[in-house]
Amino acid sequence: MSSIAMLIGRILLSVIFIQAAISKLMDISGTIAYFQGLGLLLPSVTIWPVILVELVGGLMILTGLYTRIAATVLALFCIATAFIGHSDWSNIVEFQAFMKDIAIAGGLFYVAAAGAGIISLDTRRGV
């Protein structure tokens, strides 16, 4: 049962990152404008590493490939995203988004510690 639970957990964690990357790819100009609004430097450049981290990291969590590394990178990404993108804590919606990013980071740190589980490419690789 724990193997199935770990797989389901990885699927649920990965979907948010894969979907976010696809959304950014579907509206590159809107995402760049959003990044500009956040005050990010070089938003037309920044968008590409963000999409890469979300898409590749999400797929790695989904498949269980280099899971501990991917989970750690995505956890740190979530913490950065929380502080950069949701820093207006006087707005309850922004504060809730901040807390969700922090909670997702917590789940990812748990995956980094526990590994992918038996149903994963890491297991097939002998990790």
Side-chain angles (χ1 to χ4, degrees):
M1 179 61 185
S2 66
S3 298
I4 298 296
M6 291 176 87
L7 174 62
I8 292 169
R10 286 196 346 260
I11 291 168
L12 294 175
L13 280 170
S14 70
V15 169
I16 194 166
F17 296 102
I18 296 167
Q19 181 276 326
I22 292 169
S23 290
K24 287 174 181 67
L25 285 168
M26 300 299 289
D27 186 14
I28 291 174
S29 61
T31 303
I32 291 171
Y34 175 71
F35 283 4
Q36 284 173 330
L38 293 174
L40 294 178
L41 297 175
L42 303 171
S44 60
V45 175
T46 303
I47 188 173
W48 300 110
V50 167
I51 290 171
L52 186 68
V53 166
E54 289 176 335
L55 185 59
V56 173
L59 290 170
M60 290 171 77
I61 295 295
L62 177 66
T63 60
L65 180 64
Y66 296 101
T67 308
R68 293 176 191 271
I69 295 168
T72 302
V73 168
L74 286 173
L76 295 172
F77 176 81
C78 283
I79 292 168
T81 299
F83 281 100
I84 293 168
H86 306 294
S87 58
D88 180 8
W89 295 352
S90 65
N91 178 332
I92 189 66
V93 174
E94 285 295 312
F95 182 70
Q96 288 173 336
F98 174 88
M99 292 306 296
K100 286 180 185 178
D101 282 347
I102 296 300
I104 292 167
L108 287 163
F109 279 128
Y110 195 91
V111 171
I118 294 171
I119 308 170
S120 68
L121 292 179
D122 282 347
T123 297
R124 296 201 60 160
R125 291 183 325 110
V127 176

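Residues: numbered from 1 along the sequence shown.
One distance of note links CZ of Phe109 with CD1 of Ile104; it measures 13.0 Å at 0.5 Å rounding. Ile84 contributes atom CD1, which lies 11.5 Å from atom CD1 of Ile79 (distance to the nearest 0.5 angstrom). Going from atom OG1 of Thr81 over to atom NZ of Lys100 covers 15.0 Å, rounded to the nearest 0.5 Å. Of the inter-residue distances, the one linking Trp48 atom CH2 with Ile32 atom CD1 reads 7.0 Å to the nearest 0.5 angstrom.
Placement of Leu76 and Ile69 in two distinct hydrophobic clusters is found when ILVMFWY residues are connected by side-chain heavy-atom separations under 4.5 Å, directly or transitively. Leu121 is connected to Met60 through a chain of hydrophobic side-chain contacts under 4.5 Å among Ile, Leu, Val, Met, Phe, Trp and Tyr, so both are in one cluster. If you chain together hydrophobic residues whose side chains sit under 4.5 Å apart, Ile28 and Val50 fall into the same group. No path of Ile, Leu, Val, Met, Phe, Trp and Tyr side chains, each step under 4.5 Å between heavy atoms, connects Leu55 with Val53, placing them in separate hydrophobic clusters.
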Quiz: residues 39-46 side-chain donor-acceptor pairs under 3.5 angstrom, not counting sequence neighbours:
residue : atom : partner : partner atom : Å
Thr46   : OG1  : Leu41   : O            : 2.8
Thr46   : OG1  : Leu42   : O            : 2.9

Which pairs of donor and acceptor atoms, one on a side chain in residues 5-22, lie under 3.5 Å apart (sequence neighbours left out)?
residue : atom : partner : partner atom : Å
Arg10   : NE   : Ile61   : O            : 2.8
Arg10   : NH1  : Ala116  : O            : 2.8
Arg10   : NH1  : Ile119  : O            : 3.0
Arg10   : NH2  : Leu62   : O            : 3.1
Arg10   : NH2  : Ile119  : O            : 3.1
Ser14   : OG   : Arg10   : O            : 3.2
Ser14   : OG   : Ile11   : O            : 2.9
Gln19   : NE2  : Ser23   : OG           : 2.7

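At most 12 non-hydrogen atoms from other residues, nucleotides or ligands lie less than 6.0 angstrom from CD1 of Ile118.
Taking all atoms of both residues into account, the shortest heavy-atom contact from Ala105 to Cys78 is CB-CB, 3.9 Å. For Ile102 against Ala82, the heavy-atom pair with the smallest separation is CD1-CB, 3.9 Å. Of all the heavy atoms in Ala112 and Ala71, the pair that sits closest is N-CB, 3.7 Å. Between Leu38 and Gly85, the closest heavy-atom pair is CD2-CA, 4.0 Å.
Asp122 is linked by a salt bridge (Lys or Arg N to Asp or Glu O under 4.0 Å) to Arg125, counting only residues two or more places apart in sequence or in another chain.
The salt bridge (Lys or Arg N to Asp or Glu O under 4.0 Å) analysis of residues 60-73, with sequence neighbours excluded, yields no pairs. Counting only residues at least two apart or on different chains, the ring-ring contact (aromatic ring centres under 6.0 Å, His included) pairs with a member in residues 49-87 are Phe83-Phe98. For residues 25-39, no pair satisfies side chain to side chain donor-acceptor pair (under 3.5 Å), with sequence neighbours left out.
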